[in-house]
Colleague: 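Structure incoming, see below.
All residue numbers in this chain count up from 1 along the given sequence. Each ligand, and each atom within it, is numbered from 1 in the order the structure gives.
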Amino acid sequence: MYLQRRNRILRQSPAIRAMVRETILTPNDFIVPLFIVEGENIVSEISSMPGYFRRSLDQTIKEVRELWAMGLKSVLLFIKCEDNLKDNKGTEALNPNGLMQRSIRAIKEAVPEMCIMTDVALDPFSSYGHDGIVENNEIVNDATVEVLAAMSVSHASAGADFVAPSDMMDGRIGAIRQALEENNFSKTGIMSYSAKYASCFYGPFRNALDSAPGFGDKKTYQMDYGNRIEAVRETLMDIEEGADIVMIKPALSYLDIIREIKNAVEVPVSAYNISGEYAMIKAAAKMGWIEEDKAILETLGSIKRAGADLIATYFAKDAVRLLG
Ligand code: PBG
């Protein structure tokens, strides 16, 4: 048989395959989400996320030192708010001595080079478990945006390098940018969850932070998974309003959206390999149905290949170890 072109030539040995590989993961690709709780000396496994932990601040600092030593350079902070501090307006989110603000300061002091990103949304602080203020069973936009802007300034003044609004309210990026400028935080970045879908795959995370919505769902603010063009519109608007990095979330059921946005924008694109995506791999591996290590690298590789410059993932440490 005579063939002009044989594609298998480039696949015949590990050396050749390595030479022509298009997508290469590095520790610089990863953002490490951290869950912080009140207390001391606490490292408690999240039942729906085996192998992932909630830590008190002292233990979080130890973890951050370890991450830095491994070459992981950015963390995304989430805190678990005590129940008695929750209310409809998320008042505790603005407390200059709240757990988030204390955590930012302590991590900055311990590992100043680490890039600290912070979650900005009301759900961990909301007595309703919603990302915004509730009035007459509705999540109201504009009043929520005011709190998100104040929350961002509060995180910036504690030392956050990036604020990461994950709420999907309209106009919040512009409002946050303006508030940061007005308060002289001209170096604080905004990583916007621009295309965040209403997804069943957030379940394990809501369990981790005890932040499941108390009524209804999040479909009036998070996007419908049937939509693609809307994701581009959301993202372009966020960039216009001042987002430095845009994010697509979840990642795996949305690889097409990641590519679509990567082709449409000229800012770094990130994707969030979320809790349900983590839990599925863990569960299948535990059953002996897939090989966990290979699944981790293939999954993260697919997200990067789709177009993500950055990946927030609970597998960051595993990946760094596996990449060796
Ligand atoms: C909410 C928020 C969620 C996640 C990050 N921020 C969940 C939600 O929208 O209910 C999910 C992260 C994950 O599932 O890993 N502001």
Side-chain angles (χ1 to χ4, degrees), residues 30-36 46-54 75-81 86 90 92-93 100 117-134 139 141 144-145 147-148 151-152 155 162-169 172-173 176 190-225 234 245-254 270-283 296 299-300 303 308 310-316 318:
F30 306 126
I31 299 167
V32 186
L34 294 175
F35 299 120
I36 309 172
I46 299 158
S47 59
S48 50
M49 300 175 70
Y52 219 76
F53 300 88
R54 282 180 290 247
V75 290
L76 177 56
L77 308 185
F78 295 93
I79 64 104
K80 185 172 186 301
C81 181
K86 294 184 184 184
E92 177 61 14
M100 177 63 95
M117 302 177 148
T118 59
D119 186 62
V120 171
L122 293 194
D123 53 322
F125 306 95
S126 157
S127 36
Y128 291 104
H130 272 291
D131 290 23
I133 297 170
V134 177
I139 291 73
N141 195 86
T144 300
V145 168
V147 182
L148 297 172
M151 193 174 171
S152 299
H155 292 184
F162 277 80
V163 291
S166 66
D167 54 284
M168 290 298 282
M169 297 298 125
R172 90 272 207 223
I173 301 303
I176 289 171
I190 303 175
M191 178 171 74
S192 170
Y193 290 64
S194 298
K196 179 172 179 181
Y197 287 85
S199 168
C200 73
F201 296 106
Y202 302 141
F205 171 97
R206 293 177 186 171
N207 169 276
L209 291 190
D210 188 19
S211 64
F215 70 89
D217 52 36
K218 297 192 174 186
K219 289 181 183 168
T220 66
Y221 43 107
Q222 298 178 349
M223 286 179 49
D224 181 341
Y225 60 72
E234 281 278 4
I245 301 174
V246 293
M247 180 184 270
I248 295 94
K249 177 182 180 179
L252 292 180
S253 307
Y254 302 87
S270 65
Y272 201 137
N273 176 215
I274 61 161
S275 58
E277 298 167 352
Y278 174 87
M280 285 193 292
I281 288 183
K282 285 289 180 183
I296 290 170
T299 299
L300 295 172
I303 298 169
L310 290 165
I311 307 170
T313 177
Y314 306 104
F315 286 123
D318 300 283

Colleague: For atom 14 (O) of ligand 1, which of the options A312, A212, S275 provides the nearest non-hydrogen atom?
Modeller: S275

Colleague: If you have a sec, work out which protein heavy atom is nearest atom 2 (C) of ligand 1 and how many Å separate them, to one decimal?
Modeller: K196 NZ, 3.1 Å

Colleague: What is the nearest protein non-hydrogen atom to atom 8 (C) of ligand 1, stated with its residue, atom name and distance?
Modeller: K218 NZ, 3.3 Å

Colleague: Under a 3.5 Å distance rule, please check whether Y278 uses its side chain to pair with a backbone N or O of P50 as donor and acceptor.
Modeller: yes

Colleague: Measuring from the heavy atoms of D123, does anything fall under 4.0 Å of ligand 1?
Modeller: yes

Colleague: Within the side chain of E92, is there an N or O that forms a donor-acceptor pair under 3.5 Å with the backbone of C81?
Modeller: no

Colleague: Do the ring planes of Y314 and Y52 sit parallel (below 30°), tilted (30 to 60°) or perpendicular (above 60°)?
Modeller: perpendicular

Colleague: Give the atoms of ligand 1, by number and element, whose distance to some non-hydrogen atom of Q222 is under 4.0 Å.
Modeller: 8 (C), 9 (O)

Colleague: Below 4.0 angstrom from a heavy atom of F78, which ligand 1 atoms are there? Numbered from 1 as shown, please.
Modeller: 5 (C), 6 (N)

Colleague: Is there a heavy atom of Y278 sitting under 4.0 angstrom from any atom of ligand 1?
Modeller: no

Colleague: Could you measure the distance from the OG1 atom of T220 to the CD1 atom of I139? Nearest 0.5 Å is fine.
Modeller: 4.5 Å

Colleague: More than 12 non-hydrogen atoms from neighbouring residues, nucleotides or ligands closer than 6.0 Å to CZ on F201, yes or no?
Modeller: no

Colleague: Can you list the atoms of ligand 1 that are under 4.0 Å from a heavy atom of D131?
Modeller: 1 (C), 16 (N)

Colleague: Assign the ring pair F78 / F35 to parallel, tilted or perpendicular, where the plane angle (0 to 90°) is split at 30° and 60°.
Modeller: tilted

Colleague: Under 4.0 Å from ligand 1, counting heavy atoms only, is it the side chain of D167, its backbone, both or neither?
Modeller: neither

Colleague: Taking N or O atoms only and a 3.5 Å limit, does Y193 qualify as a polar contact for ligand 1?
Modeller: no

Colleague: Provide the number and element of each atom of ligand 1 under 4.0 Å from a heavy atom of Y314.
Modeller: 12 (C), 13 (C), 15 (O)

Colleague: For ligand 1, which atoms have a heavy atom of A121 less than 4.0 angstrom away?
Modeller: 16 (N)

Colleague: Y254 and Y225: aromatic ring centres closer than 6.0 Å?
Modeller: no

Colleague: Got a donor-acceptor contact below 3.5 angstrom from the K249 side chain to the I274 backbone?
Modeller: no

Colleague: Judged by non-hydrogen atoms, does K249 sit under 4.0 Å from ligand 1?
Modeller: yes

Colleague: Taking S270 for its side chain and V246 for its backbone only, find out whether a donor-acceptor pair lies under 3.5 Å.
Modeller: yes

